[in-house]
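Worksheet for the structure shown next.
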Amino acid sequence: MEYRVTLDTELNLFIVFDKHDENHFATGRTIEQAVQELSKQV
């Protein structure tokens, strides 16, 4: 899976976006958590 990672500094959350579909994303306290959540959605 290819993804793009951003950090929301106000909420202190990582947001991982599917590289092929920007509407498909997940959040987590760590990058690993966010990637795991995104993987669950697929």
Side-chain angles (χ1 to χ4, degrees):
M1 175 188 305
E2 294 182 352
Y3 52 86
R4 179 175 58 88
V5 178
T6 61
L7 173 62
D8 183 326
T9 55
E10 288 184 24
L11 299 175
N12 201 27
L13 285 176
F14 287 98
I15 307 167
V16 177
F17 293 91
D18 185 328
K19 191 172 181 181
H20 303 289
D21 182 2
E22 292 288 318
N23 295 318
H24 187 220
F25 64 93
T27 61
R29 294 275 176 209
T30 65
I31 294 172
E32 291 82 9
Q33 276 183 336
V35 171
Q36 255 183 349
E37 290 299 317
L38 186 65
S39 296
K40 288 180 190 177
Q41 295 176 14
V42 174

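- Scanning for ring pair (Phe, Tyr, Trp, His ring centres under 6.0 Å) contacts around Phe17 gives Phe25, with sequence neighbours left out.
- Under the 4.5 Å side-chain heavy-atom criterion for ILVMFWY residues, no single connected hydrophobic cluster contains both Ile15 and Leu11.
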Side chain to side chain contact (heavy atoms under 4.5 Å, CB included) between Val35 and Tyr3, intermediate numbers included: CA-CA 8 Å; Val35 171; Tyr3 52 86; 3.6 Å; yes
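- The hydrophobic cluster containing Leu38 also contains Ile31, counting ILVMFWY residues as joined when their side-chain heavy atoms lie under 4.5 angstrom apart, directly or transitively.
- With sequence neighbours left out, the salt bridge (Lys or Arg N to Asp or Glu O under 4.0 Å) criterion links Arg4 to Glu22.
- Screening residues 24-36 for side-chain hydrogen bond (donor to acceptor under 3.5 Å, both in side chains), with sequence neighbours left out, gives Asp18-His24, His24-Gln41.
- The shortest heavy-atom contact between Ala34 and Ala26 is O-CB, 3.6 Å.
- Between Leu7 and Leu13, the closest side-chain pair of non-hydrogen atoms is not below 4.5 Å.
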